[in-house]
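Just so you know, these numbers use all the heavy atoms, side chains as well, and skip hydrogens, waters and symmetry mates.
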Amino acid sequence: MKLDLHIHTAASVDGTLSPQRLLDAALAAGLSGLAVTDHNNGAYCAAVRAAAPADFTVIDGMEVSTDGGHMLALFVRADTLDKLSKTNGRYPLPLVAQAVREQDGLLIAAHPFAYPDPLPDAVLVLIDGIETTNSRDMARNPGNRDAAIAAAQRHGKFATGGSDAHIAREVGRCYTVIPDGADVKTALRQGQSQPDGNPGHAWWQALNKLKRVPWHKKPRQLVKLFYFMMKYR
């Protein structure tokens, strides 16, 4: 089974995908399933599941902004963060981890080497897995993948892959392979996951931002888009 375990929809402030557009892109990419991981909310999880074919796996999740970095919380309810408070715009990682554990969910460090101080001990003791293959991070920082793989092996964490898609063309660029017919949560916990995939293009990220900025800021964003197209073409 090939699953993209890191995808954003229009329920994220920087996302664009409707449930149906997401599923169309996922099926075109040959995925067997995906995790809906919008920023700090699970608003579209139910809608994506309702629109999905019967044999397509949809995992409820979210990408949580914590004081220990961004975390993918999988197999969790949409109300997971409702009783938690932010400090300086971030949720306390220990409280997020506790909320995920209470639901028998999984907590995965997302693109950890995108941060200056990746995976300190205080984070490692609270997470289940490490996202080692992220198409957006690979486009900007190719060496981060090797660093994340080494960290997962060194600390005995299972590894995952996901596109971090915000637009349709990014869906399925990176993914996680697990044995056909396996229970996804069990396979991840047992380390039966194999991340794979390819980097996206950094200028896709600039294009995504262009769609969201106000008109008076678009000229500046167009310059950035041109820069990325030339640098990462």
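Checked by atom type and distance alone, the side chain of S135 pairs as donor or acceptor with a backbone atom of S163 at under 3.5 Å. With hydrogens and angles ignored, the 3.5 Å screen pairs no side-chain donor or acceptor of R90 with any backbone N or O of S65. D4 places no side-chain N or O within donor-acceptor distance of the main-chain N or O of Y175, the cut-off being under 3.5 Å. Counting only distance, with no hydrogens or angles, the side chain of N141 and the backbone of A114 share no donor-acceptor pair below 3.5 Å. Of the possible polar contacts, one joining the T66 side chain to the G69 backbone as a donor-acceptor pair under 3.5 Å is found.
The heavy-atom pair separating L27 from P53 by the smallest distance is CD1-CG, 4.1 Å. When every heavy atom of N198 is checked against every heavy atom of C174, the shortest pair comes out as O-SG, 3.4 Å. Of all heavy-atom pairs spanning T133 and P195, the tightest one is OG1-CB, 3.3 Å. Residues Y115 and A110 share a closest heavy-atom pair of CE1-O, 3.8 Å. The two residues A78 and G42 come nearest to each other via the heavy atoms CB-O, 3.7 Å. Scanning both residues, V184 and M1, for their nearest heavy atoms gives CG2-CE, 4.3 Å.
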Item to complete: Show your reasoning for whether side-chain contact (heavy atoms from CB on, under 4.5 Å) applies to E131 and M71.
Response: CA-CA 9 Å; E131 183 183 56; M71 298 289 155; over 6 Å; no
Worksheet entry | Stepwise side-chain contact (heavy atoms from CB on, under 4.5 Å) test for H155 and I127 | CA-CA 11 Å; H155 299 292; I127 63 174; over 6 Å; no
Item to complete: Show your working on side-chain contact (heavy atoms from CB on, under 4.5 Å) between F113 and L119 and close with a plain yes or no.
Response: CA-CA 8 Å; F113 286 84; L119 300 174; 4.0 Å; yes
Worksheet item: Please walk me through it: do L22 and V48 pass side-chain contact (heavy atoms from CB on, under 4.5 Å)?
Response: CA-CA 8 Å; L22 167 56; V48 173; 4.1 Å; yes
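Under the 4.5 Å side-chain criterion, counting only non-hydrogen atoms from C-beta, L81 is in contact with V64. Residues L107 and R101 form a side-chain contact, since some pair of their non-hydrogen atoms from C-beta on lies under 4.5 Å apart. By the 4.5 Å heavy-atom criterion applied to side chains, P19 and T9 are not counted as neighbours. Residues M138 and H111 fail the side-chain proximity criterion, which asks for heavy atoms closer than 4.5 Å. The side-chain heavy atoms of R136 and H166, taken from C-beta on, include a pair separated by under 4.5 Å. A heavy-atom distance below 4.5 Å is found between the side chains of L5 and I59.
Note on L95: it clusters hydrophobically with L93, by side-chain heavy-atom contacts below 4.5 Å among ILVMFWY residues. The cluster map of Ile, Leu, Val, Met, Phe, Trp and Tyr, joined by side-chain heavy atoms under 4.5 Å apart, puts V125 and L106 in different clusters. Linking Ile, Leu, Val, Met, Phe, Trp and Tyr whenever their side-chain heavy atoms come within less than 4.5 Å leaves Y91 and F75 in two separate clusters. A continuous path of hydrophobic side-chain contacts links V58 to L17 [ILVMFWY only; heavy atoms under 4.5 Å]. The cluster map of Ile, Leu, Val, Met, Phe, Trp and Tyr, joined by side-chain heavy atoms under 4.5 Å apart, puts V171 and I167 in different clusters.
Distance CE/M62 to CG/L74: 10.0 Å, rounded to 0.5 Å. One distance of note links CG of L3 with CG of L188; it measures 8.0 Å at 0.5 Å rounding. Between the OG1 atom in T80 and the CG atom in D82 there is a gap of 8.0 Å [rounded to 0.5 Å]. For the atom pair T57 OG1 and D183 CG, the distance stands at 9.5 Å (nearest 0.5 Å). The CD1 atom of I7 sits 7.0 Å away from atom OG1 of T37, with the distance rounded to the nearest 0.5 Å. Note that the CD atom of Q194 and the CD1 atom of I178 stand 12.5 Å from one another [nearest 0.5 Å].
A salt bridge between D196 and K2 is absent, with no side-chain N of the basic residue lying under 4.0 Å from a carboxylate O of the acidic one. A salt bridge is defined here as a Lys NZ or Arg NE, NH1 or NH2 lying under 4.0 Å from an Asp or Glu carboxylate O, and R189 with D104 meets this definition.
No option in R49, R77, Q103 other than R49 meets the side chain to side chain donor-acceptor pair (under 3.5 Å) test with D60.
Under the 3.5 Å distance criterion, with hydrogens and angles disregarded, no donor-acceptor pair is assigned to the side chains of E170 and H8.
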